[in-house]
Peer 1: 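Can you read through this structure? Questions will come right after.
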Amino acid sequence: MANDSYLVGLIGSGIGPSLTPALHEREAGRQGLRYLYRLIDIDTLGVPPEAVGDLVRAARDLAFDGLNITHPCKQLVIRYLDALTPQAEALGAVNTVVFDDSGRAIGHNTDVTGFATSFARGLPDAPLERIVQLGAGGAGAAVAHATLTLGAGRITVVDAMPQRAVDLATSLNSHFGDGRAVPATPDRLPELLTTADGIVHATPTGMAAHPGLPLPVDLLHPGLWLAEVVYRPLETELLRTARALGCATLDGGGMAVFQAADAFRLITGREPDAARMLADITDLAGTATAPK
């Protein structure tokens, strides 16, 4: 029998602005659950990212039902868990930990499923033969796995840190087959975007704390679709610019919602109402999602 009371936490750095706690608590409230979601900010605690193992153990001892894990702990937490789902293992990153009835800590990754669901819903007819992805960090790894799972032909991973792009492409090829991912440096964007079907943007540029554009505007053209990972604000300068040029676009709100919905399901065993949560993200982010 399912519980009606849950204790959940988010472990990470600088997590005060996160909308994940509110997304969980609002949906839980509608389902009649007592759902207490605590922020466990390593900056506030004054501990290094490596302390994530101690924090997971403390949460288990305090009878937490589950945890969300975010930057910079998604990779570090793995060594302190009892088991990983195949997807989390393949990605080498965990964003959700569920404590089972015996107290075992099981690591999941709902960033992958969250982006895949959002993309399939928001850009259902987008061609996927040639994708250029900006960013090879934690979010980049998750969305690259998602787009390849959706059937993308080839992803060119572009990062200002060349080795990071090489490492991600190598990892993707080991899981999806040789040639499915190739690394590139930003100076190759003009030629790459001439023949690309779409762009996945997975860097922090465009967030409230990192305003601006991640690429020159003149490289955008109506033949491209654009999928954004940033969700605060929901309409980034990049999205607004691309939409004005006639590009089909997808904001980052869907990924935020569907990763939260998947985590909610894993923690509670109950089915979340994603439509209501999509309305929540629009409300919480303080701006309406503009039409595509």
Peer 1: Look at the side-chain heavy atoms of Ile, Leu, Val, Met, Phe, Trp and Tyr, link any pair under 4.5 Å apart, and say whether Val94 and Val143 land in one connected group.
Peer 2: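 Val94 and Val143: separate clusters.
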Peer 1: Could you tell me how the ring of Phe119 sits relative to the ring of Trp225: parallel (under 30°), tilted (30 to 60°) or perpendicular (over 60°)?
Peer 2: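 Perpendicular: the ring planes of Phe119 and Trp225 meet at over 60°.
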Peer 1: Tyr231 and side-chain contact (heavy atoms from CB on, under 4.5 Å): which single residue from Thr236, Leu19, Asp251, Val257 fits?
Peer 2: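 With Tyr231 as partner, side-chain contact (heavy atoms from CB on, under 4.5 Å) holds for just one option, Leu19.
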Peer 1: Same cluster or not: Ile11 versus Leu7, using hydrophobic residues (I, L, V, M, F, W, Y) connected whenever any side-chain heavy atoms lie under 4.5 Å apart?
Peer 2: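 Linked, Ile11 and Leu7 end up in one cluster.
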Peer 1: Taking the side chain as C-beta and beyond, is there a heavy-atom pair between Arg26 and Asp283 under 4.5 Å?
Peer 2: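 Arg26 vs Asp283: side chains touch.
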Peer 1: Connecting only ILVMFWY residues whose side-chain heavy atoms lie within less than 4.5 Å of each other, what is the rest of Ile106's hydrophobic cluster?
Peer 2: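 None; Ile106 is a cluster of one.
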Peer 1: Side chains of Asp100 and Ser102: donor-acceptor distance under 3.5 Å anywhere?
Peer 2: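 The criterion, which ignores hydrogens and geometry beyond distance, is satisfied for Ser102 and Asp100.
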Peer 1: Kindly say whether Pro190 contributes a backbone atom to a donor-acceptor pair with the side chain of Thr194 at under 3.5 angstrom?
Peer 2: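 Here the side-chain-to-backbone pair exists.
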Peer 1: Below 4.5 Å, heavy atoms only, C-beta onward: do Leu220 and Ile199 meet side chain to side chain?
Peer 2: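 Leu220 reaches Ile199 side chain to side chain.
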Peer 1: What's the spacing between Arg57 CZ and Tyr80 OH if we round to 0.5 Å?
Peer 2: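 The CZ atom of Arg57 sits 7.0 Å away from the OH atom of Tyr80.
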Peer 1: Would a distance-only check, ignoring hydrogens and angles, find a side-chain to backbone donor-acceptor pair under 3.5 Å from Arg104 to Ala83?
Peer 2: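 Side chain of Arg104 to backbone of Ala83: no pair is present.
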Peer 1: Quick check: do Leu238 and Val230 have side-chain heavy atoms less than 4.5 Å from each other?
Peer 2: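 They are not in contact (no side-chain heavy atoms under 4.5 Å apart), so the answer is no.
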Peer 1: Hydrophobic clustering (ILVMFWY, side-chain heavy atoms < 4.5 Å, transitive) - are Met207 and Leu213 grouped together?
Peer 2: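 Looking at the clustering, Met207 is in a separate group from Leu213.
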Peer 1: Walk me through whether Glu271 and Arg265 qualify under side chain to side chain contact (heavy atoms under 4.5 Å, CB included).
Peer 2: CA-CA 6 Å; Glu271 191 61 33; Arg265 186 185 301 108; 2.9 Å; yes
Peer 1: Is there a side chain to side chain contact (heavy atoms under 4.5 Å, CB included) between Leu55 and Leu45 once you walk through the steps?
Peer 2: CA-CA 11 Å; Leu55 296 174; Leu45 292 172; 3.9 Å; yes
Peer 1: Kindly say whether Asp167 contributes a backbone atom to a donor-acceptor pair with the side chain of Ser171 at under 3.5 angstrom?
Peer 2: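 Not a single qualifying donor-acceptor pair exists.
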Peer 1: Does the side chain of Arg188 come within less than 4.5 Å of Val158's, by heavy atoms?
Peer 2: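 Side chain of Val158 against side chain of Arg188, heavy atoms only: no contact under 4.5 Å found.
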Peer 1: Within a reach of under 6.0 Å around CZ of Arg34, are more than 12 heavy atoms found that belong to other residues, nucleotides or ligands?
Peer 2: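 No, not enclosed.
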Peer 1: Hey, quick one: are Ile69 and Leu10 part of the same hydrophobic cluster, counting side-chain heavy atoms closer than 4.5 Å, chains of contacts allowed?
Peer 2: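 Each belongs to a different hydrophobic cluster.
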Peer 1: Do Arg243 and Leu239 come within less than 4.5 Å of each other through their side chains, counting heavy atoms only?
Peer 2: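 Yes. Closest side-chain heavy atoms under 4.5 Å.
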Peer 1: Which pair of non-hydrogen atoms, one from Ala139 and one from Val229, has the smallest distance, and what is that distance?
Peer 2: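 Nearest pair, atom of Ala139 first, then Val229: CB-CG1, 4.3 Å.
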Peer 1: Of the non-hydrogen atoms in Ala105 and Val97, which two are nearest, and what is the gap between them?
Peer 2: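 Closest approach of Ala105 to Val97, heavy atoms only: CB-CG1, 3.9 Å.
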Peer 1: Starting at NZ of Lys74, measure out to CG of Asn109 and round the result to the nearest 0.5 Å.
Peer 2: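 It comes to 6.5 Å.
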Peer 1: Give a yes or no on whether the backbone of Ser13 and the side-chain of Asp43 come within a donor-acceptor separation of less than 3.5 Å.
Peer 2: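 No, the answer is negative, given that no donor and acceptor are paired below the 3.5 Å cut-off.
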Peer 1: Test your reading of the model: is there a side-chain donor-acceptor pair from Asp65 to the backbone of Val8, 3.5 Å cut-off?
Peer 2: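 Absent.
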Peer 1: Taking atom CZ of Arg154 as the centre, report whether more than 12 heavy atoms of other residues, nucleotides or ligands fall under 6.0 Å from it.
Peer 2: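 12 or below, so no.
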Peer 1: Could you tell me whether the side chain of Ser18 reaches within less than 4.5 Å of the side chain of Thr70, counting heavy atoms only?
Peer 2: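 Answer no - side chains too far apart.
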Peer 1: Answer yes or no: is there an ion pair linking Glu27 with Arg30, defined by an N-O contact shorter than 4.0 Å?
Peer 2: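 Here Glu27 pairs with Arg30 in a salt bridge, since their nearest N and O are under 4.0 Å apart.
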Peer 1: Measuring from atom CD1 of Ile131 to atom CG of Leu148, what distance do you get when rounded to the nearest 0.5 angstrom?
Peer 2: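 The CG atom of Leu148 is 7.5 Å from CD1 of Ile131, to the nearest 0.5 Å.
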Peer 1: Look at the side chain of Arg121 and the backbone N and O of Gly254, then say whether any donor-acceptor pair between them is shorter than 3.5 Å.
Peer 2: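 Between the backbone of Gly254 and the side chain of Arg121 there is no qualifying donor-acceptor contact (under 3.5 Å).
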Peer 1: Looking at Gln133 and Ile155, would you say the former's side chain and the latter's main chain have a donor-acceptor pair under 3.5 Å?
Peer 2: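 Checking the backbone N and O of Ile155 against the side chain of Gln133, no donor-acceptor pair under 3.5 Å is found.
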Peer 1: Using side chain to side chain contact (heavy atoms under 4.5 Å, CB included), reason through Thr147 and Leu128 one step at a time and then give a plain yes or no.
Peer 2: CA-CA 8 Å; Thr147 47; Leu128 297 174; 5.6 Å; no
Peer 1: Please find the pair of heavy atoms, one from Asn95 and one from Thr110, that lie closest to each other, and give the distance.
Peer 2: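 It is OD1-N, 2.7 Å.
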Peer 1: Could you go step by step and tell me if Asp111 and Met255 meet the side chain to side chain contact (heavy atoms under 4.5 Å, CB included) rule?
Peer 2: CA-CA 7 Å; Asp111 287 332; Met255 179 181 179; 3.9 Å; yes
Peer 1: Can Thr113 and Asp262 be said to form a side chain to side chain donor-acceptor pair (under 3.5 Å), step by step?
Peer 2: CA-CA 8 Å; Thr113 53; Asp262 289 347; 2.6 Å; yes
Peer 1: Taking atom CG of Asp54 and atom CD of Glu50, what is their separation to the nearest 0.5 Å?
Peer 2: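 So the gap between those two atoms works out to 10.5 Å.
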Peer 1: So, taking the atom named CG in Leu23 and the one named CG in Asp280, what distance separates them when rounded to the nearest 0.5 Å?
Peer 2: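 If I round to the nearest 0.5 Å, the distance is 6.0 Å.
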Peer 1: How close do Ile267 and Val98 get, counting heavy atoms only, and between which atoms?
Peer 2: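 Nearest pair, atom of Ile267 first, then Val98: CG1-CG2, 4.1 Å.
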Peer 1: If every non-hydrogen atom of Leu39 is compared with every non-hydrogen atom of Pro21, which pair is closest and at what distance?
Peer 2: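 For Leu39 and Pro21, the tightest heavy-atom pair comes out as CD2-CG, 3.7 Å.
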Peer 1: For residues Pro183 and Leu168, determine if any side-chain heavy atom of one lies less than 4.5 Å from a side-chain heavy atom of the other.
Peer 2: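 Result no, sub-4.5 Å side-chain heavy-atom pair not found.
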Peer 1: Indicate the atoms forming the closest heavy-atom contact of Ala263 with Asn68, along with that distance.
Peer 2: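 Heavy atoms only, the tightest pair is CB-ND2, 3.7 Å.
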Peer 1: Starting from Leu36, can I reach Ile15 by hopping between I/L/V/M/F/W/Y residues whose side chains sit under 4.5 Å apart?
Peer 2: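 No; Leu36 is not reachable from Ile15 via cluster members.
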Peer 1: Please answer whether the main-chain N or O of Thr195 pairs with a side-chain N or O of Arg130 as donor and acceptor at a distance below 3.5 Å.
Peer 2: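 Such a contact is found between Arg130 side chain and Thr195 backbone.
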Peer 1: Using the ring of each side chain (for Trp, its six-membered ring), is Tyr6 parallel, tilted or perpendicular to Tyr35, with breaks at 30° and 60°?
Peer 2: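 Tyr6 and Tyr35: tilted rings.
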Peer 1: Output yes when a side-chain donor or acceptor of His175 lies under 3.5 Å from a complementary backbone atom of Ala90, and no otherwise.
Peer 2: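 Yes.
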Peer 1: Between NE2 of His145 and CG of Leu172, what distance do you get to the nearest 0.5 Å?
Peer 2: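 Going from the NE2 atom of His145 to the CG atom of Leu172 covers 5.0 Å.
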Peer 1: Counting N and O atoms only, with roles assigned by atom type, does the side chain of Arg270 sit under 3.5 Å from a partner on the main chain of Phe264, one being a donor and the other an acceptor?
Peer 2: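 The answer is no, because no donor-acceptor pair under 3.5 Å joins these two groups.
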